[in-house]
Amino acid sequence: METKIHLLIWVLLVFQRDLTQGGESISASTESKVAPECPVEISPQRAVVRYGDPVTAKCTTTQTARGIGWEATVGATGMKTDVQSVTWNVSSLTDWTAEPKCYGNFLTEPKQCGKNLIIILYKYPDSVSLSSDSPVDQMVEGIQYQLQCEIKNIAPIQYLTVNWYRGQTLIHSQTFSHNTTRTPVNVSATLLFTPDRADNGQQLTCEAELNLGPEGPQPPPANQSDPLRITVLYGPVITCPPSATVKEGQSLESSVPCTAVGNPPPDTQWLIEGQELEPDEPLSRRDTGLFTFEAENRYGKVTQDVDVTVIYGAEITGCPLSVDVEEHHNLQSSVTCTAEGSPPPETRWVKDGQQIDPSVKLTRTDGGQFTYEATNTQGTASHTVTVEIRYKPQFVQSTESLSLAAGGSVVLNCSAEGSPLPQYHWRYLEAPNVQDSSTGGWSVVNITAATPENSGQYTCTARNYLGDTTRAFTLTVREDEEGAVPDCPLEISPQRVVVRYGDPVTANCTTTQTARGIGWEATVGSTGMKADVQSVTWNVSSLTDWTAEPKCYGNFLTEPKQCRKNLNISLYKYPDSVSVNQTVQMVEGRQYQLQCEVQNIAPVQYLTVNWYRGKTLIHSQTFSHNTTRTPVNVSATLLFTPDRPDNGQQLTCEAELNLGPEGPQPPPANQSDPLRITVLSSEDCPIQIRPSRLVVRYGDPVRAECTATQPLRGMGWEATAGPTGMQIVSQVVTWNVSSLTDWTSEPKCFGNFYQTPKQCEKKLTIVLYKLPDSVSLNQTVQMEEGRQYQLQCAVQNIAPVQYLTVNWYRGKTLIHSQTFSHNTTRTPVNVSATLLFTPDRADNGQQFTCEAELNLGPEGPQPPPAKRGKPVMITVLYDLKDYFMMSMALNSVAVLFVVISVVLCICRRSRNES
């Protein structure tokens, strides 16, 4: 009862104080009556106590009190008099509503007052667990999930913070400061969580943390849930470059760094034009283009385009082994060498080790070996062309006059400079004592027992396909001696006639002295003897006699009593037809024999068959050796090897009759119908050979497959060993030889197709090799220092020598290498490699060896097979004078060192004794 009275008094006092501090009117009226502050101090002012733990607080008065004490639901002390302090002590605090207060009664104001002890009773949760309203061990990227953190039986919730962690990283916090419930409660905290792929494999935890202020435990107590390891399912993501370069023969898989990640792991594939491509399939240059990398799982499909450039070394095509170039033309316009590669190669022409300008015009002295080189980042290719400079024939002297006594002999020499060597044709008055012949680069007319009838003009024509030139000899046969017969006083005009078959012809014969009679003798148009005339005409309205040889003759009163002269006549006929055999589809690099058929032409002696590609003359053929006068059929041959620039070109052949200056000008020419050719590249042939290159040891088995990439009638292998013949409607044909021993083997796979190309073929590149029977070094074992020696390494019976490298070693050090790449012989040969060697004394006692190594390329055995000869130890002989002088100098230094050492020793001993 007493306690309640004291409490009531204290409440009234507090109420009075609050009224005093209230409104302005009240404070103004009671300003002089404010009660002093309660002289009670509690220590500590705030107590944080774990549920069930002990608690103690001390209340002390700062002025004389009638009595002080603690009022509480537990541990109350009652009023204590005559004391300055009183302690509130509970051995186990379990009352969630405890609000202990210390109060006092005083002699002076305030008569009675009290203070509350701020007390926070807390309890850790029984459990912290993480849950969800749906399964969360597997989450789909981008979908929101609601996670629950369940906290059981915690107090006070006002100080609770629920923390969410991804791994060690705090991602969200939630507080409950608005909830002032003191007693333990169950709490559910929510996290709205949208996972992405970075969360895959991470652990999520929630944590209940009681932050009870500085008076509470430090660090603040926290309980964590068991971790939840999450799996995030997400669609594929591709990492791919936008473009890539791939070496020919390599695959996308090995060369293009495309990867795809996803959960579950996606299936990937490469596509080209929508068709799947095996990623480990070797690419060829034709595969350059846009490829698509595709990745797919059940959560999506993504693609990325990659612009792939297939790179390969420089290659040269269409380059002939030899070529004819007209003088004053250049290589650029005359030699059709084509270089390709990726990246595109740089090209140049080289002669005698020096680069030349292919646009410079060539002269007749510029022929020789020219090398066409093509270089890119992947390698260098070269091809050597033998260039022959061609030019029309030329005579040093165009005319010559000769005089010869009757009965004498003379040789008329006709030799012209030209390339190719010209062919010769003579025109002269035929006689039994006149013979012409040609050999090598010249032609001669041999006149024996000359008579005045042999007098006249002898014309030599030198001709090659570039043109012709004429040289005229005027011969006079004299009768200088007594009784000599003078020249025949007959003149024929014109001396030579050229007549088209069936056309009229006229020639006039005139005498220069009085004649009994003159006339024409001929198989057609004879005139008989005409007396008392100075001239007589041979006239035929339509000449059709191929053997016509009209002669004008005369009978005279004086010498010569009788003589005659022949009219030089050429009867010609244009051909009935000119045609080329029909080969319209050709495979690049393959040689074809084209025939130009010229029907019923005369005289063939004057015929030139010209071959044209477009408007360019590419070949000429003459028939001057054939003196047949009557019409004949002629077949002219062109060996033609097409390359890709020839595709779509027109080939024509032309029959030209060059009948000399007396004939029609320009010379009549008949052309065939043009033959438009289609050149099929070997790359366009729908055949694939695998492998494309084989390296085989002599006698070993060999196998290759040929596959057609479009529908076909049949295909097969053509080879000297293992031919298959045509296999009807078979997409794959195998060439198989159990023991390859044919050094010339060049197997070709051919196919017949329904569509263009109707027929084509591809060649299998095959290298048949043989290791040498022996490798030996000539035995030069003693050598003099400073003198040069020639060492020979003999390699017996090796093939192919083109891939041979001879290496020279001094001990284990490589000192020289020699290759034989210029030698393309396939069969086994003996090779001798030379080393010019000048020894010095350091070489004395060294071993020298030579090694034959066959480097057959990546398809060949690795490392390249090599065979070494027996080592030769050499002895180097050198002058010992220098050696002895050095030895003596070294000995002198040693003696001097000993003497100095002895003297120093004696001096040291003397100093010690003194």
Side-chain angles (χ1 to χ4, degrees), residues 400-412 426-436 444-460 472-499 504-541 543-571 627 629 660 662:
E400 185 177 350
S401 297
L402 300 171
S403 179
L404 175 68
S409 298
V410 66
V411 176
L412 306 181
W426 287 92
R427 289 194 299 271
Y428 55 85
L429 184 64
E430 295 183 7
N433 64 335
V434 180
Q435 297 291 330
D436 65 77
V444 297
V445 166
N446 193 4
I447 305 171
T448 59
T451 69
E453 286 191 0
N454 298 131
S455 295
Q457 193 172 66
Y458 293 74
T459 302
C460 173
F473 297 86
T474 302
L475 177 65
T476 302
V477 180
R478 307 183 312 276
E479 288 285 3
D480 295 333
E481 294 79 4
E482 186 178 349
V485 179
D487 290 341
C488 183
L490 295 174
E491 291 183 354
I492 295 176
S493 178
Q495 293 182 358
R496 179 177 184 260
V497 293
V498 177
V499 187
V505 60
T506 299
N508 194 45
C509 181
T510 304
T511 179
T512 57
Q513 69 182 51
T514 304
R516 285 191 174 95
I518 59 174
W520 284 94
E521 177 185 319
T523 55
V524 58
S526 294
T527 62
M529 174 77 76
K530 302 289 185 181
D532 302 322
V533 294
Q534 290 294 109
S535 65
V536 63
T537 299
W538 177 65
N539 188 27
V540 178
S541 61
L543 185 60
T544 58
D545 183 3
W546 294 103
T547 62
E549 290 183 346
K551 299 177 181 68
C552 179
Y553 61 91
N555 292 335
F556 302 97
L557 300 173
T558 59
E559 292 296 338
K561 294 297 186 179
Q562 191 177 50
C563 69
R564 66 180 181 179
K565 284 189 176 179
N566 284 25
L567 170 62
N568 189 344
I569 189 167
S570 296
L571 182 61
T627 57
R629 293 184 178 184
E662 300 85 0

query: At what distance, to the nearest 0.5 angstrom, does CG of Asn446 lie from OG of Ser409?
result: 7.0 Å
message: Take a 6.0 Å sphere around CD of Gln457 and say whether it holds more than 12 heavy atoms from other residues, nucleotides or ligands.
response: yes
statement: For Ile569 and Pro550, the nearest pair of non-hydrogen atoms, with its separation, is CG2-CD, 4.1 Å
- prompt: Going by atom types only, do Arg629 and Thr547 share a side-chain donor-acceptor pair under 3.5 Å?
  reply: no
statement: Between Ile492 and Cys509, the two heavy atoms sitting closest are CG1-SG, 4.4 Å
message: Keeping Lys551 on the side-chain end and Arg564 on the backbone end, is there a donor-acceptor pair under 3.5 Å?
response: no
- prompt: Counting heavy atoms not belonging to Glu491, are there more than 12 under 6.0 Å from its CD?
  reply: no
- request: Please answer whether the main-chain N or O of Gln513 pairs with a side-chain N or O of Thr511 as donor and acceptor at a distance below 3.5 Å.
  value: yes
- prompt: Which distance, rounded to the nearest 0.5 Å, do you find between the CG of Asn555 and the NZ of Lys561?
  reply: 10.5 Å
field: Within-4.5 Å side-chain heavy-atom neighbours: Ser493 and Thr510
entry: no
Minimum side-chain heavy-atom gap Ile447-Val477 below 4.5 Å: no
- request: To the nearest 0.5 angstrom, please state how far the CD atom of Gln495 sits from the NZ atom of Lys565.
  value: 7.5 Å
message: Is there a side-chain contact between Val540 and Asp545 in this structure, where contact means two heavy atoms from C-beta onward sitting under 4.5 Å apart?
response: no
query: Any sub-3.5 Å donor-acceptor pair from Thr527's side-chain atoms to Gly519's backbone N or O?
result: no
message: Assess, by modelled atom type and distance only, whether the side chains of Asn433 and Thr448 contain a donor and an acceptor separated by less than 3.5 Å.
response: no
query: Quick one: OG1 on Thr514 to CD on Gln534, what's the gap to the nearest 0.5 Å?
result: 6.5 Å
Under 3.5 Å donor-acceptor, Trp520 side chain and Asn508 backbone: no
message: If we ignore hydrogens and angles and just use 3.5 Å, is the side chain of Arg516 paired with the main-chain N or O of Phe556 as donor and acceptor?
response: yes
- prompt: How close do Met529 and Ile518 get, heavy atom to heavy atom, and via which atoms?
  reply: SD-N, 3.3 Å
- request: Give, for atom CD of Glu521 and atom CD of Glu549, the distance between the pair rounded to the nearest 0.5 Å.
  value: 10.5 Å
task: Hey, could you give me the CZ/CG distance between Arg496 and Asn566, rounded to the nearest 0.5 Å?
output: 14.0 Å
- prompt: Any chance the side chains of Asp436 and Tyr428 put a donor and an acceptor closer than 3.5 Å?
  reply: yes
- request: Taking all non-hydrogen atoms of both residues into account, name the closest pair between Val434 and Val445 and its distance.
  value: CG1-CG1, 3.6 Å
- request: Work out which heavy atom in Cys488 is nearest to a heavy atom in Pro560; give both atom names and the distance.
  value: CA-CG, 4.3 Å
